[in-house]
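What follows is a single structure, written as structure tokens, with notes after it.
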Amino acid sequence: GIVSSWCQYDNEGGQGWERVEVGWGNFILHEGFRLISKSAIAVVWLIHFLLTSETTSSPSSSSPRYVWLCYWIIVLSLTLPIAVFIAGSLSKYTRTNSNMKKKLTIVARKYFHLVALLLFGPPTYYAPSLMFLSYAIAVALLLLLESLRFTYTSSQSTTLSSPSSSSSPEKDTKMDNSMKKQKGQN
């Protein structure tokens with residue numbers, strides 16, 4: 001089969017795009033190399049972005065952006081064990097003492113706010129473009145996870161609703177009619 005593809009050309013007359021008809025194999029190779037080269041460019045850009053420092057008004061904060069990634073790892077490694085302990089304490093008091101559970105819930109919520117402040121406060125002030133990128137990545141990942149969840153749960157809901165379709169009112173009516181006919185014959 002023949003596929004139409006657009007190729008960029010550069011000659012003495014200038015630059016432009018030209019429609020070229022190629023076979024499937026050449027089309028797949030061309031598009032594959034184009035995607036790989038764009039991915040490589042993105043990785044090179046990300047490495048360069050992380051190795052450069054933020055241009056802020058404060059000269060004392062001229063550390064490279066990857067330092068903030070190390071900062072996040074350190075903060076999470078220090079605060080995560082305490083969060084696990086609080087979650088374990090909360091699960092212990094689920095049915096026994098509701099007053100203690102309320103207090104632990106408040107402590108957990110305040111602790112979460114403290115961790116969020118430690119994670120996002122300093123980088124937002126000293127490396128805002130890193131935070132813009134990290135927020136964009138986080139939103140993209142959350143959208144991806146939500147779409148996967150929606151896809152999974154919608155496929156599960158059709159699976160769960162299929163047995164209920166076997167007991168539809170029409171089938172019940174047919175079954176009732178056949179039962180009446182059998183009783184009438186006896």
Side-chain angles (χ1 to χ4, degrees), residues 3 5-6 24 27-56 61 63-98 100-168:
V3 179
S5 179
W6 291 92
W24 277 106
F27 177 75
I28 291 171
L29 282 174
H30 178 264
E31 292 300 313
F33 285 131
R34 194 170 63 94
L35 288 174
I36 290 170
S37 67
K38 284 187 177 187
S39 300
I41 290 170
V43 169
V44 168
W45 176 86
L46 183 63
I47 291 170
H48 179 264
F49 179 78
L50 291 174
L51 292 177
T52 58
S53 55
E54 197 78 31
T55 55
T56 60
S61 66
S63 57
R65 291 182 185 103
Y66 72 86
V67 171
W68 291 108
L69 297 177
C70 297
Y71 170 78
W72 283 336
I73 291 170
I74 291 169
V75 168
L76 285 174
S77 64
L78 293 176
T79 58
L80 199 58
I82 298 169
V84 170
F85 173 75
I86 292 173
S89 300
L90 266 173
S91 66
K92 202 184 321 180
Y93 292 107
T94 54
R95 296 173 194 220
T96 57
N97 190 349
S98 64
M100 182 61 119
K101 183 182 175 189
K102 287 180 184 177
K103 288 179 182 177
L104 279 173
T105 303
I106 292 170
V107 168
R109 189 171 53 243
K110 297 298 180 187
Y111 185 72
F112 172 77
H113 289 124
L114 174 68
V115 171
L117 185 67
L118 287 173
L119 283 175
F120 302 131
T124 300
Y125 181 73
Y126 291 112
S129 59
L130 175 67
M131 293 305 292
F132 296 152
L133 179 64
S134 61
Y135 290 144
I137 291 171
V139 167
L141 287 175
L142 288 174
L143 287 173
L144 176 69
L145 286 174
E146 186 65 21
S147 65
L148 289 174
R149 184 192 66 84
F150 177 75
T151 303
Y152 178 73
T153 56
S154 66
S155 68
Q156 289 294 331
S157 66
T158 57
T159 305
L160 292 175
S161 67
S162 63
S164 65
S165 66
S166 66
S167 62
S168 66

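Values in this document were obtained by computation on a predicted structure and should not be read as measured data.
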Can you list every pair that meets salt bridge (charged side-chain N to carboxylate O under 4.0 Å, His left out) and has a residue in [range], with sequence neighbours left out?
range            : result
residues 117-134 : none
residues 112-134 : none
residues 137-149 : E146-R149

Of all the heavy-atom pairs spanning A108 and I86, show the shortest one and how long it is.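 The pair with the smallest heavy-atom distance is CB-CG2, 3.6 Å.
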Does [X] have any side chain to side chain contact (heavy atoms under 4.5 Å, CB included) partners at least two apart in sequence or in another chain, and if so, which?
X    : value
L141 : I137
L144 : S147, L148
I74  : L78
A87  : none

Atom pair CG (L50) and CG (L69), whose distance is rounded to the nearest 0.5 Å: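 One gets 5.5 Å once the value is rounded to the nearest 0.5 Å.
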Would you give the length of the straight line joining atom CG of L51 to atom NE2 of H48, rounded to the nearest 0.5 angstrom?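 Between L51 CG and H48 NE2, I get 8.0 Å after rounding to 0.5 Å.
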Restricting to pairs with a member in residues 127-144, which pass side chain to side chain donor-acceptor pair (under 3.5 Å), not counting sequence neighbours?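 Residue pairs with at least one partner in residues 127-144: E54-S129, R65-S129.
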Taking only residues two or more places apart in sequence or in another chain, which ones pass ring pair (Phe, Tyr, Trp, His ring centres under 6.0 Å) with F49?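 Listed in chain order: W45.
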Pairs of donor and acceptor atoms involving the side chains of residues 111-118, under 3.5 Å and at least two apart or interchain, shall be tabulated with distances.
residue : atom : partner : partner atom : Å
Y111    : OH   : T79     : O            : 2.7
H113    : ND1  : R109    : O            : 3.0

V75 and W72: side-chain contact (heavy atoms from CB on, under 4.5 Å), yes or no, with the steps? CA-CA 5 Å; V75 168; W72 283 336; 5.8 Å; no
Give a yes or no on whether the backbone of A127 and the side-chain of W68 come within a donor-acceptor separation of less than 3.5 Å.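 No: the side chain of W68 does not pair with the backbone of A127.
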